[in-house]
A.B. asks: 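Below is the structure I would like to discuss, written out as structure tokens.
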Amino acid sequence: MKKTIYPLFLLLAGISACQVATKPDESPGSAAIVSEPVKTRIDSTLKAMVDSGQIAGVSALIYEKNREVYYNAFGFADREAGVAMDRGTIVRIFSMTKPIVGTALMKLYEKGAFQLDDPLSKYAPEFADLNVFKGVDSKGNLILEPLKRPVTIRDITRHTAGFANRTDIEGLGQLVKDADALNPRNTLEQMAQKLGKLPLLFQPGEQWAYGPSVDVQAFLVERISGMPFEAYLRANVLDPLGMKTTRYFVPESDRKRFAAMYRMGEDGTLARIPDEEANAFNTNPWPLTPGGFGLTSTLDDYMNFARMLVNNGALDSVRILNEETVKRMATNHLSDSIKERMWLPSKGQVGFGIDFAVRLRPPASKDENHGIVGEFFWDGAASTLFWVDPVNELTAVLFVQKLPFDRALHKKFRDAIYGIYDPAGKGEKGADAM
């Protein structure tokens, strides 16, 4: 494997990742959101993304009140080969892997296998001897301090554990590089052993910082269940939901459906990332089955997952989670005392639940992403997105394959559905305002 390949998916593993505007005589949830004019507006928005050269291809699927109300695709899954983006296109979902993994973990929670505030080390002694990095002394030696409290399972579900994954910090950065915990050649157990030997970046619970917490969740599922993580995930989440094409490894027979990946250059030109780099993780059967990234999926597969959540843990006759568990996952778990939140505020007026951002307030301005208070959502490094809007019983999935992460695409898609947010409370603005 070339040295230039591995850092791409490792870097992306750490990235990513309101009130409805209504007319004065309406309230959220009182009328259908995706009307015929809205469908036309979504079509126009997605087509414009392709026509303007922002992306090579895009597809979107929306359900409302357990009924498909929108699907369309524009542009190319593989621009160079002329392969159209369509419903069966397989994409890399990167950090949209995380909510699926959190669901697997919470199935064990429902069985009483652990409590959220249990120390992680109770089940994983690999994390029993952690301390916190405080800098380096005049001789370059690390300054460490003991933990004020142990890392808990709640910490690894809300990104407050403090696991180190930065390589730009004097003294600590080299340790992170040497550990190489997320090298795909590692098993989950080897990853945990390496990660457990690194100092934490901060005291558990004191900051929100995106990192390898969900990879640790995958390891914990494996440790507690006694099953290989991927086997547990398939048996308990993916197969029951009919998510047959959601997987880490894309077999040769399906690679013609595997979308190409594109990168927007500083000059505004969209260029294809070489397949050997873009596909390095998903076309090799690596030992590592990470929790934070790595799955591929299709629109319908991921929509099955989203519909399960909007239906409080069940899809048709299949129950994956109890209603109370879904509510717990979609509840903000960050206290106001956690002031440092990395880039989470860029997602809008949100907190964080169990592997989702949770919308707490309407947008502060029309420049923020639109959404409904109570909505929970997440996205992926290649600009994919999904959300669950319980108020309107609406779920949406947007698939593109573009780097770097493009927040503007998400805003345009949300505005096409809900209308441009009007902080003055005068209601939804029309299509000509888009």
Side-chain angles (χ1 to χ4, degrees), residues 16-17 33-34 38-64 67-97 99-100 241-247 250 254-264 270 272-273 278-279 282 295-307 377-389 394-403 405-418 434:
S16 125
I33 298 296
V34 187
V38 169
K39 293 177 187 178
T40 300
R41 191 164 72 196
I42 299 170
D43 278 347
S44 176
T45 298
L46 298 183
K47 185 175 184 298
M49 292 177 184
V50 175
D51 290 347
S52 66
Q54 296 176 68
I55 51 177
V58 59
S59 59
L61 181 61
I62 305 170
Y63 270 68
E64 190 173 354
R67 183 172 64 91
E68 182 179 322
V69 294
Y70 181 85
Y71 162 73
N72 214 337
F74 298 90
F76 298 100
D78 186 332
R79 183 180 62 186
E80 288 68 26
V83 177
M85 193 81 169
D86 65 26
R87 196 161 188 150
T89 298
I90 297 168
V91 308
R92 305 154 196 81
I93 61 172
F94 288 105
S95 285
M96 281 168 57
T97 300
I100 298 174
L241 288 175
M243 299 172 69
K244 301 298 185 183
T245 52
T246 302
R247 57 213 164 170
V250 178
D254 274 341
R255 289 179 196 169
K256 59 187 176 183
R257 294 199 287 147
F258 197 17
M261 183 98 82
Y262 296 87
R263 179 184 285 116
M264 180 63 75
L270 198 66
R272 184 190 184 118
I273 297 173
N279 301 343
N282 298 111
L295 288 176
T296 62
S297 194
T298 59
L299 272 180
D300 285 286
D301 267 24
Y302 211 91
M303 180 56 74
N304 284 354
F305 177 68
R307 289 180 62 209
F377 67 94
W378 205 235
D379 45 43
S383 306
T384 55
L385 170 69
F386 93 104
W387 73 83
V388 175
D389 167 359
L394 183 148
T395 50
V397 181
L398 178 74
F399 275 179
V400 297
Q401 294 285 268
K402 176 190 179 179
L403 298 176
F405 179 81
D406 192 339
R407 173 185 170 274
L409 298 180
H410 295 178
K411 175 167 172 51
K412 290 175 182 177
F413 182 53
R414 286 176 171 276
D415 285 350
I417 296 172
Y418 292 120
M434 299 294 289

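Side chains are part of it too, since the values below use all heavy atoms of this structure and drop only hydrogens, waters and symmetry mates.
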A.B. asks: Check step by step if side chain to side chain contact (heavy atoms under 4.5 Å, CB included) holds for Leu270 and Arg79.
C.D. replies: CA-CA 11 Å; Leu270 198 66; Arg79 183 180 62 186; 4.0 Å; yes
A.B. asks: Can you name the closest pair of heavy atoms from Ala48 and Gln54 and give their distance?
C.D. replies: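 Closest heavy-atom pair between Ala48 and Gln54: O-NE2, 4.1 Å.
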A.B. asks: May I ask you to test the Ile42-Ile62 pair for a side-chain heavy-atom distance under 4.5 Å?
C.D. replies: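 Yes, at least one pair of side-chain atoms sits under 4.5 Å.
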A.B. asks: In Å and rounded to the nearest 0.5 Å, what is the CZ to CG distance from Phe94 to Leu403?
C.D. replies: 6.0 Å
A.B. asks: Kindly compute the distance separating OG1 (Thr45) from CG (Leu409), expressed to the nearest 0.5 Å.
C.D. replies: 11.0 Å
A.B. asks: Work out which heavy atom in Thr89 is nearest to a heavy atom in Ala77; give both atom names and the distance.
C.D. replies: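 Shortest heavy-atom separation between Thr89 and Ala77 comes out as CG2-CB, 3.8 Å.
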A.B. asks: For a quick test of reading the model, state the closest non-hydrogen atom pair linking Ala60 to Leu398 and the distance between them.
C.D. replies: CB-CD1, 4.1 Å
A.B. asks: Where the side chain of Arg92 meets the backbone of Asn279, is there a donor-acceptor pair that is under 3.5 Å apart?
C.D. replies: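 Not a single qualifying donor-acceptor pair exists.
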A.B. asks: Side chains of Val34 and Tyr63: does their closest heavy-atom pair fall under 4.5 Å?
C.D. replies: no
A.B. asks: Are Asp254 and Arg247 packed together at the side-chain level, in the sense that at least one heavy-atom pair is separated by less than 4.5 angstrom?
C.D. replies: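 Yes, their side chains come closer than 4.5 Å.
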A.B. asks: Would you call the rings of Phe305 and Phe386 parallel, tilted or perpendicular if under 30° counts as parallel and over 60° as perpendicular?
C.D. replies: tilted
A.B. asks: Could you tell me which non-hydrogen atom of Val50 sits nearest to which non-hydrogen atom of Gly57, and how far apart they are?
C.D. replies: CG2-CA, 4.2 Å
A.B. asks: Tyr418 and Leu394: side chain to side chain contact (heavy atoms under 4.5 Å, CB included), yes or no, with the steps?
C.D. replies: CA-CA 11 Å; Tyr418 292 120; Leu394 183 148; 3.9 Å; yes
A.B. asks: Using every non-hydrogen atom in the two residues, find where Phe74 and Met85 come nearest and quote the distance to one decimal.
C.D. replies: O-CB, 3.8 Å
A.B. asks: With a 4.5 Å limit on heavy-atom distance, are the side chains of Tyr302 and Ile100 in contact?
C.D. replies: yes
A.B. asks: Side-chain contact test, heavy atoms from C-beta onward, threshold under 4.5 Å: evaluate it for Tyr71 versus Leu299 and give yes or no.
C.D. replies: yes
A.B. asks: Side chains of Asp301 and Thr245: do they bring a donor and an acceptor to under 3.5 Å?
C.D. replies: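 Short answer, yes.
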A.B. asks: Would you compute the distance between atom CZ of Phe399 and atom CG of Leu61 and round it to the nearest 0.5 angstrom?
C.D. replies: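 Reported to 0.5 Å precision, the distance equals 9.0 Å.
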A.B. asks: Do the side chain of Ser383 and the main chain of Lys402 share a donor and acceptor less than 3.5 angstrom apart?
C.D. replies: yes
A.B. asks: So, for Glu64 and Ile33, which heavy atoms are closest and what is the spacing to 0.1 Å?
C.D. replies: OE2-N, 2.7 Å
A.B. asks: What is the ring orientation for Phe405 with His410, classed by angle as parallel under 30°, tilted 30 to 60°, or perpendicular over 60°?
C.D. replies: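 Plane angle over 60°, so perpendicular.
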A.B. asks: For the side chain of Arg257 and the backbone of Gly88, is there at least one donor-acceptor N/O pair under 3.5 Å apart?
C.D. replies: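 Yes; at least one donor-acceptor contact below 3.5 Å.
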A.B. asks: Measuring from Leu295:CG to Met96:CE, what's the distance to the nearest 0.5 Å?
C.D. replies: 10.5 Å
A.B. asks: Do Asn282 and Thr296 have side-chain atoms, one donor and one acceptor, less than 3.5 Å apart?
C.D. replies: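 No donor-acceptor contact under 3.5 Å links the two side chains.
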A.B. asks: Under 4.0 Å between a Lys/Arg side-chain N and an Asp/Glu carboxylate O for Asp415 and Lys411?
C.D. replies: yes
A.B. asks: Calculate, to the nearest 0.5 Å, the distance between atoms CD and CD1 belonging to Gln401 and Ile90 respectively.
C.D. replies: 11.0 Å
A.B. asks: How long is the span from the CZ atom in Arg414 to the CG atom in Leu385, to the nearest 0.5 Å?
C.D. replies: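 The CZ atom of Arg414 sits 5.5 Å away from the CG atom of Leu385.
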A.B. asks: Determine whether Trp387 and Ile417 satisfy the following criterion, side chain to side chain contact (heavy atoms under 4.5 Å, CB included), listing intermediate values before the conclusion.
C.D. replies: CA-CA 12 Å; Trp387 73 83; Ile417 296 172; 3.6 Å; yes
A.B. asks: Does any part of the side chain of Leu46, heavy atoms only, come nearer than 4.5 Å to the side chain of Phe413, both counted from C-beta?
C.D. replies: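 The answer is yes, as the side chains (C-beta and beyond) meet within the 4.5 Å cut-off.
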A.B. asks: Run Asp43 and Thr40 through side chain to side chain donor-acceptor pair (under 3.5 Å) and show every step you take.
C.D. replies: CA-CA 5 Å; Asp43 278 347; Thr40 300; 5.7 Å; no
A.B. asks: Closer than 4.0 angstrom, basic N to acidic O: yes or no for Asp78 and Lys256?
C.D. replies: no
